[in-house]
Amino acid sequence: MSSATPPTGTGALAKREARLAWALLAPTVISVSLVVILPLLAIIWISFKPFTLSDLRPPAPVVRESLRGSGDDLRIEYRLRNSSQEIAVEGVTLSDVLPDGVAVGEIVEPCVLEGRDLFCDFGTLDGGQRERIRIPVTVDGDLLAFEDLVEESEPRLTGSGPNVLTNLEFSLENFARVFDGSEFWGVLWVTLFYTVFGTIGALVMGLFAALLLNKSFRGQGFIRGLYLFPYVAPVIAVAFTWVTLFDPFSGSANALLVQMGLSSEPINFFGERPLALIMVTVFEIWRYFPLSFLFILARMQSIDSSMYEAADMDGASPFQKFWLLSIPQLLGILSVLFLLRFIWTFNKFDDIFLLTGGNAGTRTLTVNVYEQAFAISNIGAGAAVAVVILVCLIAFSFVFFRFISREEGL
Amino acid sequence: MRKGYLTAPVLGAIWLVVIATTVAITMSFSTGAAFRPQVLLCLIWGAVAGLVYVRFPAQHAPARLGISAFLGLSGLTGFGPVLIGSDTSLQAVVVTVVAMAVVMHLSLAAILKETPFGELTRHEYEEAVIRFFTGFGYIFFTAIVVIPFYVMVMTSLKSQQALLQNPLDFSVDLSQGTDLFRSYTELFRDFNFGTYLWTSLYVSVLTVFITLLFSVPGAYAVARFRFQGQKAFSRSILLIYMVPMIVLALPIYIAFSLTGLRNSILGIVMIYPVTTIPVALYMLQGYFRGLPTEVEEAGLMDGLSRLAVIWKITLPLSLPALASVSLYVFMIAWNEFLLAFMLLDDPSKFTLTRGVTMLNSSEIPRQHLMAGAVIATVPIMALFLGLERFMTKGLTAGSVKG
């Protein structure tokens, strides 16, 4: 007698569902891996290579063709040079078709002429090397038209230098440069200061603002909208406004401080150590407290009010209700917010870049990526800093996932 | 400490410092004249006022009105809470005096409401302190939010000389008529800001559409289907969310340079949606999970295919969520600065944020920069205020991204 057993393994229906699921996800997966995963691999690759901004244009031969001389001493000239001053270009050849109706004189090495086809083989062109080919010609007829004809026909060039990006040579030079000296530890310290105080400050301010608005009154929606302004406005607008506001010469904040007798002379808020670092941290707090505020307020409004009623019956005072009821209820969202904001403050680039450009002791790791890659034009070193950031982030996200899966059940 | 005659003077003293500073800053910013809070005198005046208010509990007791009026009028002598500069106009002086007296009376009466003179219970004491902090909080947050935006708008209406002469004078000379907006007309006429506005608009709208096109099916799949790797997928969305843009911008810059996509709107439109798809997907899948499956199953039973179910049932049901996500994505794309800054060099192809960066140079007067900032801010603010409900929901739904 056979007993009915439930089917094991994946059935046809489940398989079809999974197939559909992946089909729906495919566009996202493909595009995201193209723009996120691939660049991440690329940056790790580049960080081991001596790659500078100028390597974006690999060395190549460059040629200029012109008609020189006059009368009997007429010649077509090709001036060839290596675009790079240091790196040799290999396998350089030039080929061109000479125009009709021209008598060609003697052809010298390394060129040969077959019919109308000119071919020159230069072999290797050293860094900064220049070559000049003269081809004596005689022309009957209109010289100007001929000149146009000569300059119009583009000679074809071959030859390429070594491509730093694709060869298999690696070095640790970039990392050595990044970790070298006290600069790196300075940058790390600035990053930590900015991240820790920016995150905590925004959380505390957000909690305070949420406490203010956690009651219903007329105009509550308006004030809530108003307090979100710093976050919603484009960073570029608010950052430049802060720079204008705290300008040492025409800034209102300085004028106000001087007028109120708090300072005898204008202060260069974004140009002095350590004030600049404090100012960018304050900006970070100012710009992101609305976000913490919004989340904390949403959580507060979902706390069961009967708990507070029970506490009222027991005669709990307002402070007691805050410390013993609200705070424990908010601890979950506060810690999730802390972790998330910590990571994103760590990643922040725009704000500091716009406020100080990383000067006056405000260079964080992310700003350092830009500084190394574009200000010093050493993309390899920038990539090495980026890899350092990635390693930190992987460490953070381990903590994050361990924690958030407990908190949010993700 | 829990004595009415101790608590009230302390709160009153600190409160008067707050009020005096607020009035002084407000008056300075609106008239440009000199106002200065005198902290020491404020503490003394405030302590006295606090004592009076707690001693005479009636709402509008003559003693209360008297001390507030006295305190306001003392501003005329140089021994008041606010020191008024000698060259201040009469109206400004009157406004300051009246504002000090009225604000002080109303706020102190509110803070010390039902606070007895003698022994305080724990509730009475804490509530007075909480009312004090509530008042302080509203003033503080409103000030820090409003002042930068006020300065931004007002600076854009001033001339460079006026700004250097008195950086505090934001009074607007209405007699110059439309000349007031010359920074704006110059930006639109000489700096192509009309084009930038249009570029930003269509880039943002395209980003919203492409993002939705990609993320709606993806979010649906994550929310509804069981398949291998689902959990890993959800997590990797969050992980991708955490990769800093500058790290990605570097290889993207290299790739775009090599392929010639740099300096093209096409490149920007290709890259923006990818930065927003993970966010949108995360927000939408949260919403889809909350939708009842029964409706969809009914559709399936009636012979609709899965795609038809998504199109005809799920999407119409999730219109509010789609609106939130669209707004949020629009905001990200509109405010985006880093990629536009790195990838666009050609002034004819700038987005608005890139155009404003261009104005940050010592050769271009400050009011142009601020006018540019206003132009970049106003559309997103208008959208935000008009659709605040959606926006707030969108912000809370899945985004702690900044």
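Numbered from 1 within each chain, the chains take letters A, B, ... in sequence-line order.
Aromatic rings from A:Phe293 and A:Phe208 are positioned such that their centres are separated by 6.0 Å or more.
When every heavy atom of A:Ala21 is checked against every heavy atom of B:Ala221, the shortest pair comes out as O-CB, 3.7 Å. In terms of heavy-atom proximity, A:Val32 sits nearest to B:Ile240 at CG1-CD1, 3.4 Å. In this structure, B:Met242 and A:Asn347 approach most closely via the heavy-atom pair O-ND2, 2.7 Å. Across all their heavy atoms, B:Ser257 and B:Arg262 have their closest contact at OG-NH1, 3.1 Å.
Counting heavy atoms from C-beta on, the side chains of B:Met270 and A:Leu34 never come closer than 4.5 Å. In this structure, the side chains of A:Phe229 and B:Phe384 come closer than 4.5 Å at one or more pairs of heavy atoms.
The candidate from A:Leu211, A:Ile343, A:Val235, A:Ile223 with the greatest count of non-hydrogen atom pairs under 4.5 Å with chain B is A:Ile343. Most heavy-atom pairs under 4.5 Å with chain A: of the set B:Val151, B:Thr21, B:Ile277, B:Leu250, this distinction falls to B:Leu250. Between chain A and the options B:Phe341, B:Trp334, B:Phe133, the largest number of non-hydrogen pairs under 4.5 Å is found for B:Phe341. Ranking B:Phe337, B:Tyr220, B:Phe35 against chain A, the residue ahead of the rest is B:Phe337, based on heavy-atom pairs under 4.5 Å. Highest contact tally toward chain B, considering only A:Pro318, A:Ala316, A:Ser31, A:Ala255, is held by A:Pro318 [criterion: heavy-atom pairs under 4.5 Å]. The greatest number of non-hydrogen atom pairs below 4.5 Å with chain A, out of B:Val129, B:Ile147, B:Ile252, B:Asn360, is found for B:Asn360. Of the residues considered (A:Val36, A:Val29, A:Ile394), A:Val36 shows the highest number of contacts with chain B, using heavy-atom pairs under 4.5 Å. Of the residues considered (A:Thr345, A:Asp247, A:Leu245, A:Leu20), A:Leu20 shows the highest number of contacts with chain B, using heavy-atom pairs under 4.5 Å. When the candidates B:Ala219, B:Ala373, B:Gly85 are compared by the number of heavy-atom contacts under 4.5 Å with chain A, B:Ala373 comes out ahead. Most heavy-atom pairs under 4.5 Å with chain B, from the set A:Phe349, A:Trp242, A:Phe240: that is A:Phe240. Chosen from A:Pro39, A:Ala386, A:Ser317, A:Ala239, the residue pairing most often with chain B at heavy-atom distances under 4.5 Å is A:Ser317.
Judged as a salt bridge (Lys or Arg N to Asp or Glu O under 4.0 Å), and not counting sequence neighbours, the contacts of B:Arg224 are B:Glu296.
Rounded to the nearest 0.5 Å, atoms OG1 (B:Thr377) and CE (B:Met152) are 3.5 Å apart. Note that CD1 of B:Ile254 and CD1 of A:Ile379 are 4.5 Å apart. Values are rounded to the nearest 0.5 Å. The CG atom of A:Leu354 sits 7.0 Å away from atom OG1 of B:Thr357, with the distance rounded to the nearest 0.5 Å. To the nearest 0.5 Å, the span separating CZ on B:Arg354 from OG on B:Ser200 amounts to 12.0 Å.
In this structure, the portion of B:Thr155 lying under 4.5 Å from any heavy atom of chain A is its side chain and not its backbone. When heavy atoms are compared at a cutoff of 4.5 Å, A:Val367 does not approach chain B at all. For a residue to count as touching a neighbouring chain, one of its non-hydrogen atoms must lie under 4.5 Å from one of that chain's; by this rule B:Thr121 does not touch chain A. Contact of B:Leu352 with chain A is not made at all, since no heavy-atom distance falls under 4.5 Å. Only the side chain of A:Val238 comes within contact range of chain B, judged by heavy atoms closer than 4.5 Å. Heavy atoms closer than 4.5 Å to chain A are found in the backbone of B:Ala33, but not in its side chain. For a residue to count as touching a neighbouring chain, one of its non-hydrogen atoms must lie under 4.5 Å from one of that chain's; by this rule B:Val374 does not touch chain A. Neither the backbone nor the side chain of A:Asn254 comes within less than 4.5 Å of any heavy atom of chain B. Only the side chain of B:Met381 has a heavy atom closer than 4.5 Å to any heavy atom of chain A. No part of A:Leu38 comes within reach of chain B, as not one of its non-hydrogen atoms sits under 4.5 angstrom from that chain. With a 4.5 angstrom heavy-atom cutoff, A:Leu212 touches chain B via backbone and side-chain atoms both. Contact annotation for B:Met245: neither backbone nor side-chain heavy atoms come within less than 4.5 Å of a heavy atom of chain A. For B:Ile375, no part lies under 4.5 angstrom from a heavy atom of chain A. For B:Leu213, no part sits under 4.5 Å from any heavy atom of chain A, backbone or side chain. Contacts between A:Ile389 and chain B at a heavy-atom distance below 4.5 Å involve the side chain alone, from C-beta outward. With a 4.5 angstrom heavy-atom cutoff, B:Val216 does not touch chain A via any of its atoms. Within the 4.5 angstrom heavy-atom criterion, only side-chain atoms of B:Leu369, from C-beta onward, approach chain A. No part of A:Leu297 comes within reach of chain B, as not one of its non-hydrogen atoms sits under 4.5 angstrom from that chain. Interface remark: A:Phe353 contributes side-chain atoms only to the contact with chain B (heavy atom separation under 4.5 Å). Contact of A:Ala42 with chain B is made through the side chain alone, with heavy-atom distances under 4.5 Å. Only the side chain of A:Phe374 comes within less than 4.5 Å of a heavy atom of chain B; its backbone N, CA, C and O stay farther away. Residue contact with chain B, scored on non-hydrogen atoms closer than 4.5 Å, involves the backbone and the side chain of A:Leu256 alike. If you measure heavy-atom distances from B:Glu336 to chain A, you find no contacts under 4.5 Å at all. Using a 4.5 Å cut-off between heavy atoms, A:Lys321 makes no contact with chain B at all. No part of A:Ala26 comes within reach of chain B, as not one of its non-hydrogen atoms sits under 4.5 angstrom from that chain. Looking at A:Phe319, the atoms closer than 4.5 Å to chain B (heavy atoms on both sides) sit in the backbone and in the side chain alike.
For the salt bridge (Lys or Arg N to Asp or Glu O under 4.0 Å) condition, no pair includes a residue of residues 375-386 of chain B, sequence neighbours left out.
Ring geometry for B:Phe29 against B:Tyr150 counts as perpendicular: the plane angle is over 60°, on a 0 to 90° scale with 30° as the lower cut. Ring orientation note: the planes of A:Phe283 and A:Trp286 are tilted relative to one another, at an angle of 30° to 60°. The aromatic rings of A:Phe217 and B:Tyr138 lie perpendicular to each other, with more than 60° between the two planes, well past the 30° mark. Aromatic ring pairs are classed by plane angle as parallel below 30°, tilted from 30° to 60° and perpendicular above 60°; the pair A:Phe342 and A:Phe338 is tilted.
Atom CD of A:Gln220 has more than 12 heavy atoms from other residues, nucleotides or ligands within 6.0 Å.
The closest side-chain donor-acceptor pair between B:Thr276 and B:Thr211 falls under 3.5 angstrom. In the model, A:Thr199 has no side-chain atom that pairs as donor or acceptor with a side-chain atom of A:Arg341 under 3.5 Å.
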Ring pair (Phe, Tyr, Trp, His ring centres under 6.0 Å) between B:Phe141 and A:Phe289, intermediate numbers included: CA-CA 10 Å; B:Phe141 281 110; A:Phe289 89 84; 5.1 Å; yes
